J.: 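Can you read through this structure? Questions will come right after.
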Amino acid sequence: MTDDQQAGGGAEPAPRKGADARVPEADGKARNDPPRADEDKAEGDEGAAGNDAPEEGDVKKDQGKKQEEERERAAGRFKEHTRDPLAEEQGEDGTTDLAAASRARRATRMLFDTGRDLNSFDRSYFQSAHIGDIHLRMDARHSGAGMRSGPVPDEELRRLRRVHVEPQGYVQLRNALGARRLLVLGAAPGTGRTSTALSLLDEVTGPAADATGTEPGAGSRVRRVDPDGGVRKLAGSLAGEGEEARRGTGYLLELSLTGPGALPPDEMDLDGLAAALARCESYAVVVVTVGSAANPLLAGRYGRLCPPAPTQELLTTRLRERLEEHVAAQDGEVRLEDLLAGAEELAVRRDVKDAVGLKDLRPAEAELLASLLAAHQLGEVPRDELLAGCRSLAADQAQEWFAGVDRALTAPPAEPEGGAGRPGTAALFHPVAFRIALAVLGGASHSAVAAAAHLLTWELSVQCDPDHTPARPLFCDDPEADLALSRAELTDGRLEVAGTEVPARLIWYRGSALPSAVLTEIWDRHFPVRAPIVRWLRLLADDPRPQVWMRAAVAAGELCARDFDHGYAELIRPLAEAATPRRRIFAATTLDQAAGHASHRKAVRKLVDDWSRYGTKALRWTAAMALGYGNAADTTEDALDALARIGVRDDGEQLAVASFNAVRLLALPDGAKVLRRMADWTHHKRAEYQDLGLVTTVRLAVTSVDEVLSDEPDSPLADRADWPLPLALAVSRPELVLPMADLMWSALNTARSKDVALDALESLLRSAVRGDGTEGTRPGLAALLPALATEENDRRRLDWLLRRMMNDPEDPLPDAQARTLWWLAVPPKERTGEEDSHG
């Protein structure tokens, strides 16, 4: 027995509002008089208690009790179909996080623009290239990785004097080194810390600093020190225990404190080295990587942080160096300033900046970019190679971050026996995990990224050493070090928590290219890490915060686009069949993100179509959510066909998810096609299709723009994100007003849907004024209400509804607002001063 039959009605098509019915009837008191709260209270109470809606064909007062109960049950089942997909997880009647999830998805997709990611770029193509007389090495930043003890060549020092860009606070660093003869310099790798250290040592040991004015022998003034011996070995050599101490020499020592069991020198060791340096009138700079291990050193009397050099000065200096040689070879035929101006103008072009994708450049990156810009300016490199080289900067940074991180852990232990396990596993993996978490959750709160990083640290540690439980110190996190080591930044922003916006500290990569570069690096070049990352993403899928699980779903889609076979087997299919709606939405979002890549669109569409036809209940539910994004079917009509198959199957068991995703398609340019299909469903001869059309209509009325807004930057709905969708469409697309009004009229005049439709209409009316008293959606109501109240019966219903709202004991509608709404819906033919006073 259908809902109609249970409620006492036949399964006939829902009433259709014809074109003639839109013509207003003759003037009458019921149409032109606005409702008043002080009118005949008894009549109002009777209407509120005894009339579901004062319209022709109302249920008679003497209707049988059993029939009334059946009607209420049918209406209750209809209301159940209009619940949000996440309602069963977040409460029966409360708001869900669909709008917050939609906002998180739009923000995250901006980080993974499929038009500029690394899918079409093979970084091995540009490892090394000759550009004129310039030999570019993409791995230039690694050139000093194998340096041991030995003098720094004079040629290198001379070039350093010419091109080194001083960071902020350089003078203070030089004064500190001159006063104490020892400086512990902390910074992230690649930020120019070594160049700054060499420049400082060159200045304090150069001829200007020597009273005699004579320069030491070639190659003997500044020396690098083998880091294996550490501070104590250097102090011993200066005391004559190792090599003969050189007077007036500068020593550069780069300490690594990230390896298992590595211990920083204590303050007494540094004091001993400073004393030894003073005895031989020498200087030393100890370079360390910022982090929890280096904090005691940097907090002591010798410690200083080394800020990065300013990007623009770096690039200009490197460009000038590259172009000077060309101008000299041309013997004055070309002006240096003209070439430099052209190269700097090229650097700020939109396509070049997007290809670089980094807010700040490090010295090696600035050197490479300057070489590319100079070569293109001189006609030696075409534009496609220029852009390819620019894209390689972020890829090279990602490779440096992850290459050989756990090499020390995988080496055979020094002592075969002893059950202590490998020390420092969690501390070693935390910076790596933080970079991955930031690539996945960029734009979320710092606390969310930090918590996700700790989860991933655990997974990586267990994967690397499954026989031992990793230990994570509880008070050793260093947020500033995390930012420096990951090229990240904190910004003030707002997050939605339980439907309320709160202030938060948001974290991002300082560069739009880094998220894609990081995910590409770990997925394509480090296969063993996939297993812990998959487990971690499944954990994030269960996180109740939309800023976490939705961002993780978008990132998972990017990973699946790198290897769809692996992603489908490990992520998409298991989550698509999960018991919880959030996991299924996660899988649908992952599919949609993969479909954003042209290479995977056809496969995703075939998969979703198969699920909608032959899939299990869970797979059909997931297919419906994927279809709502608009990318999982060839056309809007195909998407609506698939949603109808899902919605009417099994006595409408999945009407809720099918109707919700049909409404989501209304935010796309093909909204008129969706409304026509909804009308066809509403007037179909089968009750299942009628229910689909009616439920979708009510769903449209209670859906906000935020829940369904597409990621098109120029969407006409974007500036009305908190409006109900039909009112926003009524203002931005006036041609949709009559189709929406006809659908709403049918829902209001159908027995099984009229109660829920009236509640939905009330929510639209209350949106005219915001909670703070400012104007809300009045322009949308002014466009929609006249088309919805063209018949006398419609006006009586609106009058009754406004009276009910005015007499609501919990949230009474002010009399002035009720009058304003009435005049919006039923404007009099001739306004008088008295009537205007009611508006």
Side-chain angles (χ1 to χ4, degrees), residues 110-141 163 165 190-192 308-327 334 336-400 442 487 489 508-518 520-521 713:
M110 294 172 59
L111 303 178
F112 299 113
D113 182 1
T114 55
R116 70 154 315 280
D117 66 7
L118 304 178
N119 286 336
S120 60
F121 177 70
D122 179 8
R123 72 176 313 280
S124 63
Y125 165 75
F126 213 85
Q127 279 292 322
S128 176
H130 285 278
I131 301 175
D133 295 330
I134 303 170
H135 185 212
L136 293 180
R137 290 289 302 173
M138 294 298 297
D139 54 355
R141 70 180 70 199
V163 302
V165 177
T191 55
T311 294
Q312 188 56 49
E313 291 185 32
L314 272 175
L315 185 59
T316 301
T317 302
R318 300 300 191 269
L319 276 172
R320 184 178 294 275
E321 181 189 17
R322 293 290 182 266
L323 294 172
E324 279 177 347
E325 298 179 3
H326 177 79
V327 172
V334 182
L336 173 62
E337 296 304 322
D338 293 338
L339 288 175
L340 184 60
E344 290 180 337
E345 181 181 353
L346 179 63
V348 298
R349 286 177 59 97
R350 180 62 180 269
D351 55 347
V352 174
K353 290 177 65 98
D354 286 347
V356 172
L358 299 171
K359 285 188 178 181
D360 305 313
L361 292 178
R362 295 182 170 181
E365 296 163 350
E367 187 167 354
L368 174 62
L369 180 59
S371 299
L372 290 167
L373 293 172
H376 180 74
Q377 187 72 8
L378 299 175
E380 298 170 354
V381 169
R383 177 166 293 271
D384 56 346
E385 290 187 19
L386 166 67
L387 297 180
C390 292
R391 293 189 188 100
S392 69
L393 294 175
D396 198 50
Q397 172 66 93
Q399 183 180 11
E400 178 188 343
R487 302 183 73 163
E489 64 180 339
W508 310 79
Y509 269 119
R510 290 188 59 80
S512 59
L514 286 172
S516 288
V518 167
T520 299
E521 174 70 18

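Worth saying up front: this structure is predicted, and the values here are computed from it rather than measured. Counting from 1, the numbers follow the sequence of the chain as shown.
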J.: Which of these, Lys359, Arg487, Arg318, sits in a salt bridge (Lys or Arg N to Asp or Glu O under 4.0 Å) with Glu365?
T.: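 Filter result, single survivor: Arg487.
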J.: Looking at side-chain heavy atoms only, is the closest gap between Leu386 and Leu346 below 4.5 Å?
T.: yes
J.: Between Ser392 and Leu368, what is the shortest heavy-atom contact and its length?
T.: OG-CD2, 4.3 Å
J.: Using the side-chain contact (heavy atoms from CB on, under 4.5 Å) rule, take Leu361 and Val356 through it: C-alpha gap first, then chi angles, then the decisive distance, then the call.
T.: CA-CA 9 Å; Leu361 292 178; Val356 172; 4.1 Å; yes
J.: Shortest non-hydrogen contact from Ala517 to Ala398?
T.: O-CB, 3.6 Å
J.: Which residues pass the side chain to side chain donor-acceptor pair (under 3.5 Å) test with Thr316, not counting sequence neighbours?
T.: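 Thr316 satisfies side chain to side chain donor-acceptor pair (under 3.5 Å) with Gln312, Glu344 only.
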J.: Between Glu380 and Arg322, does any side-chain N to carboxylate O distance fall below 4.0 Å?
T.: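 Salt bridge: no.
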J.: Return the CZ to CG distance between Arg391 and Asp354, rounded to the nearest 0.5 Å.
T.: 9.5 Å
J.: Can we say Glu367 and Arg362 salt-bridge, meaning some charged N sits less than 4.0 Å from an Asp/Glu carboxylate O?
T.: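 No, Glu367 and Arg362 are not salt-bridged.
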J.: If you look at every heavy atom in Ala370 and Leu315, which pair is closest and at what distance?
T.: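 So the minimum-distance heavy-atom pair works out to N-CD1, 3.9 Å.
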J.: Applying the side chain to side chain contact (heavy atoms under 4.5 Å, CB included) criterion to Glu324, which one of Leu319, Leu339, Leu336 satisfies it?
T.: Leu336
J.: Could you work out, with side chain to side chain donor-acceptor pair (under 3.5 Å) as the rule, every residue matching Arg349, not counting sequence neighbours?
T.: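 So Arg349 forms no side chain to side chain donor-acceptor pair (under 3.5 Å) with any residue.
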J.: What closest approach, in Å, do Leu369 and Cys390 show between heavy atoms, and which atom pair accounts for it?
T.: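 Leu369 and Cys390 have their closest heavy atoms at CD1-SG, 3.7 Å.
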J.: Which atoms form the tightest heavy-atom contact between Leu514 and Leu358, and what is the distance?
T.: CG-CD2, 3.7 Å
J.: Applying side chain to side chain donor-acceptor pair (under 3.5 Å), can you list everything that pairs with Glu345, at least two apart in sequence or on another chain?
T.: none
J.: Could you pull out all residues at least two apart from Glu313 that satisfy salt bridge (charged side-chain N to carboxylate O under 4.0 Å, His left out)?
T.: none
J.: In chain order, what residues pass the salt bridge (charged side-chain N to carboxylate O under 4.0 Å, His left out) check against Arg510, with sequence neighbours excluded?
T.: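 With sequence neighbours excluded, Arg510 shows a salt bridge (charged side-chain N to carboxylate O under 4.0 Å, His left out) to Asp360, Glu489, given in chain and number order.
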J.: Which heavy atom of Leu373 sits nearest to which heavy atom of Ala347, and what is that distance?
T.: CD1-CB, 3.6 Å
